Amino acid sequence: MTVVPLRHYLQFASFDRAEYDYLFERIRWIKQRFKRYELYQPLRDRTLAMVFEKASTRTRVSFEAGMNQLGGIAINLNRHDTQLSRGEPIEDVARVISRMVDVVMIRTFEQTIIERFAAHSRVPVINGLTNEHHPCQILADIYTYVEHRGAIAGRTVAWIGDANNMLSSWLEAAQILDFKVHVSTPPGYRLAPERSRLLPARHFEAFAEPEAAARGADLVTTDVWTSMGFEAENDARKRDFAAWMVDARMMREAKPDALFMHCLPAHRGEEVSAEVIDGPQSVVWDEAENRLHAQKALLEYLVCGRVAP
Ligand code: CP
Ligand code: NVA
């Protein structure tokens with residue numbers, strides 16, 4: 001049996017440009033086979049453990065369905081059903097689970113938790129969302145852009161809203177895949193200067209006005225104003241973000257063929273108007289579906305290594 005070097009997918013920057021080129025091709029191939037109802041089961045007898053410390057619909061279903069479709073099985077572990085809720089150290093959980101399964105997906109709070117898990121794991125660990133990153137979502141989002149419009153290199157993505165985990169992953173992706181992110185966040189919610197200072201002007205530009213960020217963009221995207229774990233700030237955020245809703249007027253600032261994306265779940269009438277998310281420029285359902293195909297390619301890559309030239 002070929003030994004596959006141990007790799008983790010903890011943030012978008014875990015992989016380089018060549019690996020993404022390979023993955024996009026695998027996503028396309030795996031999706032095509034799936035659409036033709038052709039069995040493809042390279043992960044027979046393999047097991048994925050999914051650890052959820054936060055709620056999920058898309059990540060849960062796409063990983064579990066994807067693992068089954070690849071011939072393997074998925075075990076779902078919620079914080080409250082496991083000894084994690086009674087204080088078992090994450091390092092011990094990693095040592096034990098990783099002796100029993102072939103790959104682990106975790107959705108948790110601080111990035112340091114997943115890093116500690118990975119440092120003690122014998123098998124690949126995938127970030128299914130932390131407070132700081134959401135790389136699986138951006139993998140699917142960029143694949144969705146490529147499917148609809150071709151290569152993302154040289155394009156402009158407008159990020160309207162919170163400087164959250166999604167934005168961090170977009171900014172990493174921009175540097176690896178060579179595109180630009182226009183960012184507009186309300187005052188008080190900006191990227192920390194120690195982070196923005198390190199971002200090259202070729203890949204990042206900040207705008208006070210959301211309309212200015214959207215101007216000329218190829219893709220306009222946003223996310224909830226209050227991410228999981230920050231619910232105590234919800235009322236203040238609803239006030240502070242009120243002018244940052246992506247609506248038809250804001251979309252008109254972007255290129256006429258600009259796409260709209262949202263990782264979901266969405267709040268119509270808050271970060272996006274119903275007219276935009278349910279309108280002709282929105283590709284949010286393709287984007288959600290592509291979580292399935294993208295993560296199947298990711299699971300294949302981490303467990304089997306490169307399987308195609
Ligand atoms: N976009 C996303 O990660 O959705 P879930 O929270 O439902 O998994
Ligand atoms: N930024 C959101 C994404 C949800 C998929 C959150 O972390 O809650």
Side-chain angles (χ1 to χ4, degrees), residues 9 11-32 34-35 58-59 62 66 129 133-161 164-184 199 202-205 210 213-223 246 250-264 266 271-272 276-298 301:
Y9 193 55
Q11 57 193 80
F12 202 88
S14 297
F15 291 169
D16 63 22
R17 172 82 177 255
E19 289 177 296
Y20 282 111
D21 288 343
Y22 170 78
L23 276 176
F24 291 140
E25 191 47 42
R26 290 307 294 163
I27 300 170
R28 193 183 61 76
W29 189 89
I30 286 172
K31 181 172 180 176
Q32 268 179 4
F34 179 72
K35 296 287 179 185
R58 279 143 288 270
T59 305
S62 53
L129 180 146
H133 299 277
H134 197 3
C136 291
Q137 182 69 54
I138 303 304
L139 179 65
D141 291 7
I142 294 176
Y143 181 75
T144 306
Y145 185 85
V146 171
E147 247 187 347
H148 282 268
R149 295 282 185 266
I152 198 163
R155 305 290 189 168
T156 299
V157 175
W159 176 266
I160 312 293
N164 63 11
N165 42 11
M166 285 286 296
L167 175 60
S168 296
S169 295
W170 271 117
L171 291 169
E172 287 192 350
Q175 294 173 78
I176 296 163
L177 301 177
D178 194 21
F179 59 91
K180 186 165 184 184
V181 187
H182 284 181
V183 177
S184 181
L199 294 165
R202 179 174 170 77
H203 302 300
F204 165 76
E205 191 172 347
R215 202 156 296 145
D218 298 283
L219 165 64
V220 179
T221 185
T222 187
D223 186 12
V246 178
M250 210 180 283
M251 285 303 292
R252 278 197 290 277
E253 298 286 345
K255 288 200 179 131
D257 69 342
L259 299 176
F260 172 78
M261 288 191 198
H262 188 310
C263 65
L264 308 176
E271 74 272 8
V272 61
V276 168
I277 195 168
D278 300 318
Q281 288 169 280
S282 172
V283 291
V284 297
W285 313 121
D286 290 344
E287 180 188 2
E289 178 191 325
N290 281 336
R291 292 289 304 276
L292 173 71
H293 311 301
Q295 287 157 198
K296 285 167 76 176
L298 177 65
Y301 182 56

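On a predicted model such as this, the values are computed, not experimentally measured, just so you know.
The minimum heavy-atom distance between Ala258 and Ala217, with the atom names listed, is CB-O, 3.5 Å. Nearest heavy-atom pair across Thr222 and Gly161 is OG1-CA, 4.5 Å. Heavy atoms only, all atoms of each residue included: Ala266 and Ile277 are closest at CB-CD1, 3.5 Å. What you find for Arg17 and Ala153 is that their closest heavy atoms are NH2-CB, 4.4 Å. Minimum interatomic distance between Ile142 and Ile152 (heavy atoms only, all atoms of both residues): CG2-CG2, 4.0 Å. Here the closest heavy-atom approach between residue Ala174 and residue His203 is recorded as O-ND1, 3.2 Å.
No more than 12 heavy atoms of other residues, nucleotides or ligands shown are found within 6.0 angstrom of CZ on Arg202.
Glu287 places no side-chain N or O within 3.5 Å of a backbone atom of Met261 that could act as its donor or acceptor partner. Between the side chain of Gln281 and the backbone N or O of Phe260, no donor-acceptor pair lies under 3.5 Å. Judged by distance alone, the side chain of Asn290 and the main-chain N or O of Ala140 form no donor-acceptor pair under 3.5 Å. Formation of a donor-acceptor pair under 3.5 Å by the His182 side chain with backbone atoms of Ala213 is found in this model. In this structure a side-chain-to-backbone donor-acceptor pair under 3.5 Å is missing from Ser14 to Tyr9.
Using cut-offs of 30° and 60° for the angle between ring planes, the Tyr301 and Phe15 rings count as perpendicular. The aromatic rings of Trp170 and Phe179 stand perpendicular to each other, their planes meeting at an angle above 60°, with 30° marking the opposite boundary.
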Test salt bridge (Lys or Arg N to Asp or Glu O under 4.0 Å) applied to Glu147 and Lys31, step by step: CA-CA 11 Å; Glu147 247 187 347; Lys31 181 172 180 176; 2.7 Å; yes
Candidate pair Asp223 and His262, rule side chain to side chain donor-acceptor pair (under 3.5 Å), full reasoning: CA-CA 6 Å; Asp223 186 12; His262 188 310; 4.6 Å; no
CA sep, side-chain torsions, deciding dist, call: Asp286, Thr144, side chain to side chain donor-acceptor pair (under 3.5 Å): CA-CA 7 Å; Asp286 290 344; Thr144 306; over 6 Å; no
CA sep, side-chain torsions, deciding dist, call: Arg58, Leu264, side chain to side chain contact (heavy atoms under 4.5 Å, CB included): CA-CA 8 Å; Arg58 279 143 288 270; Leu264 308 176; 3.5 Å; yes
Cys136 and Thr59: CA distance, side-chain angles, deciding distance, side chain to side chain contact (heavy atoms under 4.5 Å, CB included) verdict: CA-CA 9 Å; Cys136 291; Thr59 305; over 6 Å; no
From CA spacing to verdict: side chain to side chain contact (heavy atoms under 4.5 Å, CB included), Arg26, Trp29: CA-CA 5 Å; Arg26 290 307 294 163; Trp29 189 89; 3.4 Å; yes
Audit row: Arg155, Leu219, side chain to side chain contact (heavy atoms under 4.5 Å, CB included) steps and yes/no: CA-CA 8 Å; Arg155 305 290 189 168; Leu219 165 64; over 6 Å; no
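When side chains are defined from C-beta on, Phe34 counts as touching His293, because their heavy atoms get closer than 4.5 Å. Put simply, the side chain of Trp159 reaches to within 4.5 Å of the side chain of Asn164, judged on heavy atoms. Put simply, the side chain of Ile138 does not reach to within 4.5 Å of the side chain of Tyr143, judged on heavy atoms. Two residues are said to be in side-chain contact when any heavy atoms from C-beta on lie closer than 4.5 Å; Leu171 and Phe12 fail this criterion.
To the nearest 0.5 angstrom, Asp257 atom CG is 12.0 Å from His148 atom NE2. Rounded to the nearest 0.5 Å, atoms OG1 (Thr221) and CD (Gln137) are 8.5 Å apart. Atom CD of Gln175 sits about 10.5 Å away from atom CG of Leu177, to the nearest 0.5 Å. With rounding to the nearest 0.5 Å, the separation of CE in Met250 from CD1 in Ile160 is 5.5 Å. Separating the CG atom in Asp141 from the NE2 atom in His134 is a distance of 8.5 Å, to the nearest 0.5 Å. We find the CZ-CG distance between Arg149 and Leu259 to be 4.0 Å, quoted to the nearest 0.5 Å.
Under the side chain to side chain donor-acceptor pair (under 3.5 Å) rule, Ser62 has a single partner from Glu289, Arg291, Lys296, Gln295, which is Gln295.
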